[in-house]
Protein chains: 2
Amino acid sequence: MTKTPAARRGRPRTFDRDAALRRAMNVFWQHGFDGASMTQLVDAMQINSPSIYAAFGSKEDLFREAVELYVASDGGSTMRALTNDGDVRDALRSMLAETILTFTRHDEPRGCLIVLGARHLGPVGDPVRAFLRDQRERIRILLAERLLKAKQKGELAPEADEKALATCVMTFLNGISIETVDGTSQPTLLAAAELFVDRLLPR
Amino acid sequence: MTKTPAARRGRPRTFDRDAALRRAMNVFWQHGFDGASMTQLVDAMQINSPSIYAAFGSKEDLFREAVELYVASDGGSTMRALTNDGDVRDALRSMLAETILTFTRHDEPRGCLIVLGARHLGPVGDPVRAFLRDQRERIRILLAERLLKAKQKGELAPEADEKALATCVMTFLNGISIETVDGTSQPTLLAAAELFVDRLLPR
DNA sequence: ACCTATATGTATCACCCGGCACATATTGGG
DNA sequence: CCCAATATGTGCCGGGTGATACATATAGGT
C-alpha cells in the first residue's frame with residue numbers, strides 16, 4: 001500500500017500545483033471565500049480556469065485545500081503554540097503572541113483566514129460556513145483540554161472554570177482578527193494580550 | 001431656520017420610509033453589505049428597486065442610513081451602557097452584557113452590523129470599509145476616555161494602562177461578534193464576560 | 001384645466017459570476 | 001505509429017449583480 005509514482009500517462013501539467021495552491025490561499029486569506037473571484041484566482045495562480053477546475057475540482061474544493069494549507073503553515077502556529085507542555089500562562093502568552101505575529105506579518109492578508117473566510121455567509125446550512133465553524137470548534141476544544149490539564153497539574157486554582165476560561169480566550173482570539181484587519185499596531189496588540197493573560201489567570 | 005413641512009408637490013410616496021429602512025437594516029445586519037443583494041432588499045422592503053434608488057440614492061447610501069439607524073437603536077446600547085457614571089466594573093459589565101443580549105436577541109441577525117458588515121472588503125481605500133472602521137474607532141476612543149476618567153477617580157490603580165485596557169476590551173468586544181455568529185450560547189458568553197471583567201480589573 | 005413635480009411598476013441594461021464544451025497539444029503504452 | 005489519457009487555451013454559457021429608461025399615475029400650484 002505504498003504510494004507508487006503510478007507512471008502517469010498523458011500530457012504532464014506545466015505549473016507547480018503547490019505554488020498555485022499557495023497563491024490561491026493568499027487570495028482567499030485576503031478576500032474571503034465569496035470575495036475572491038475566479039478572475040482574481042486565475043490572475044494570482046497564473047492558470048486558466050479550466051486548469052483550476054481540472055486540478056482542484058471547484059472553487060469550494062480549492063478553498064478547502066487552501067484552508068488545509070493555511071492550518072498546516074501560517075495559521076497553525078496558533079494551535080501549535082498551545083501544545084507546549086510548560087506553564088499555562090506561558091503557553092497562552094506564546095499562543096497569543098504567535099497569533100498576533102502571524103496576523104500582522106504582512107500588510108495583506110491580515111487576520112485569520114478561518115475566522116474571516118466565510119463572512120457574508122450563505123444560508124444557515126451553508127457547507128463552507130459549517131466547515132469553518134468546525135475548524136474554530138477544534139481550537140476551542142483544544143483550549144479547554146489544555147486548561148483542564150493545567151488545573152489538574154495545580155497550575156490553576158481548583159475552583160477555576162476552564163470552560164468559561166476557554167470561551168473567554170476564544171473570544172479574545174476571535175477579536176484579534178477584527179483588530180488586525182482594522183490596522184491596530186502589533187505592539188498595541190501584544191501589550192493588550194499580555195495584560196489579558198496576566199489578569200485572567202492571576203498567579 | 002426651523003424645519004418647515006415644505007409643501008411637497010407631486011405624487012406622495014405610498015410606503016413608510018422608516019419601516020422600509022428598518023427592514024433594510026435587518027437585511028444588511030444579517031448578510032453584510034456585499035452579501036445583501038438588491039433582490040433581497042426589494043423583497044424585504046416591499047418596494048421595487050427604482051423606488052429604493054429614488055428614496056435612498058444607492059445601495060451604499062442605503063447601507064449608510066441603515067448603519068445610522070443601527071447605531072441609534074439596537075447597536076447603540078453597547079455605547080450607551082458605557083456612559084453611566086457608576087463604578088467602571090459595573091459599566092463594563094453592563095456594556096458587555098448589553099452587547100451580548102443585543103447580539104443574541106434574535107436567531108438572525110446575530111453579532112454586530114458594524115463589526116461584520118463589511119467583510120470580504122474591497123480595496124484598502126474602500127469607502128464602506130473605512131466608514132465602518134471609523135465607527136469602531138469611535139467606540140475605542142469612548143472606552144479609553146471612560147477608563148481614564150475611572151483612573152482619575154481612583155477606581156483603578158494609578159499605574160493602570162488605560163490604553164492597553166481599552167484595546168483589551170475592544171478586542172474582546174470584537175470577538176463576541178464572531179462568537180455569536182458561531183452560535184455560542186448566551187449564558188456561556190455572559191459567564192465568560194463576567195470572568196473577563198473580574199480578572200482584568202481586580203478590586 | 002393645465003403645468004410641473006414626484007412616485008410607481010415594468011422591463012431591461014451592461015457587467016461579472018462560477019463553471020464548462022470543445023478543439024488542440026503533449027505525454028506514455030502497446 | 002497509433003491509440004488512450006491527460007493538460008491547455010479559447011470562447012462561451014445561463015444566471016445573478018447593481019442600477020436605470022420609460023411610460024404611467026397622482027399630487028400641488030396657478
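We name chains A, B, ... by the order of the sequence lines, and we start the count at 1 in each one.
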What's the [atom1]-[atom2] distance between [X] and [N], to the nearest Å?
| X | N | atom1 | atom2 | result |
| --- | --- | --- | --- | --- |
| B:Met38 | D:dT20 | CE | C1' | 11 Å |
| A:Met45 | D:dG9 | CE | C1' | 16 Å |
| B:Asp43 | D:dT17 | CG | C1' | 14 Å |
| A:Asp34 | C:dC16 | CG | P | 18 Å |
| B:Phe63 | D:dT17 | CZ | P | 17 Å |
| B:Asp61 | D:dG18 | CG | C1' | 13 Å |

Note, A:Ser51 side chain near A:Met45 side chain (heavy atom, < 4.5 Å): no
Carboxylate-amine/guanidinium proximity below 4.0 Å for A:Asp43 and A:Arg23: no
Most 5' of A:Gln40 and A:Arg11 on DNA chain C, judged by nearest nucleotide: A:Gln40
Ring geometry between A:Phe196 and B:Phe172 (parallel below 30°, tilted from 30 to 60°, perpendicular above 60°): tilted
Aromatic ring pairing A:Phe28/A:Phe33, orientation class (parallel under 30°, perpendicular over 60°, tilted between): parallel
Neighbours of DNA chain D within residues 46-57 of chain A, by heavy-atom distance under 4.0 Å: A:Asn48, A:Pro50, A:Ser51
Non-hydrogen atoms of B:Ser77 and B:Glu98 that approach each other most closely: CB-CG, 3.3 Å
Closest heavy-atom pair and its distance - A:Thr188, B:Lys163: OG1-NZ, 4.5 Å
My understanding is that only residues two or more places apart in sequence, or in another chain, count here; which of them pass side chain to side chain donor-acceptor pair (under 3.5 Å) with [X]?
| X | value |
| --- | --- |
| A:Arg17 | A:Glu65 |
| B:Thr39 | none |
| B:Thr78 | B:Thr99 |

Any A:Thr39 side-chain N or O less than 4.0 Å from OP1/OP2 of C:dC16: no
Rounded to 10 degrees, the angle between the two terminal axes of the helix from C:dA1-D:dT30 to C:dG30-D:dC1, each from five pairs: 10°
Chi angles and distances behind the side chain to side chain contact (heavy atoms under 4.5 Å, CB included) call for A:Arg64, A:Glu60: CA-CA 6 Å; A:Arg64 295 181 119 90; A:Glu60 182 171 333; 2.6 Å; yes
A:Thr171/A:Asn174 under side-chain hydrogen bond (donor to acceptor under 3.5 Å, both in side chains): CA gap, chis, key distance, verdict: CA-CA 5 Å; A:Thr171 303; A:Asn174 285 331; 5.7 Å; no
Strand contacts (DNA chain C) in residues 13-20 of chain B, 4.0 angstrom heavy-atom criterion: B:Arg13, B:Thr14, B:Phe15
B:Arg9 side-chain proximity, nearest of C:dG29, D:dG18, D:dG29: D:dG29
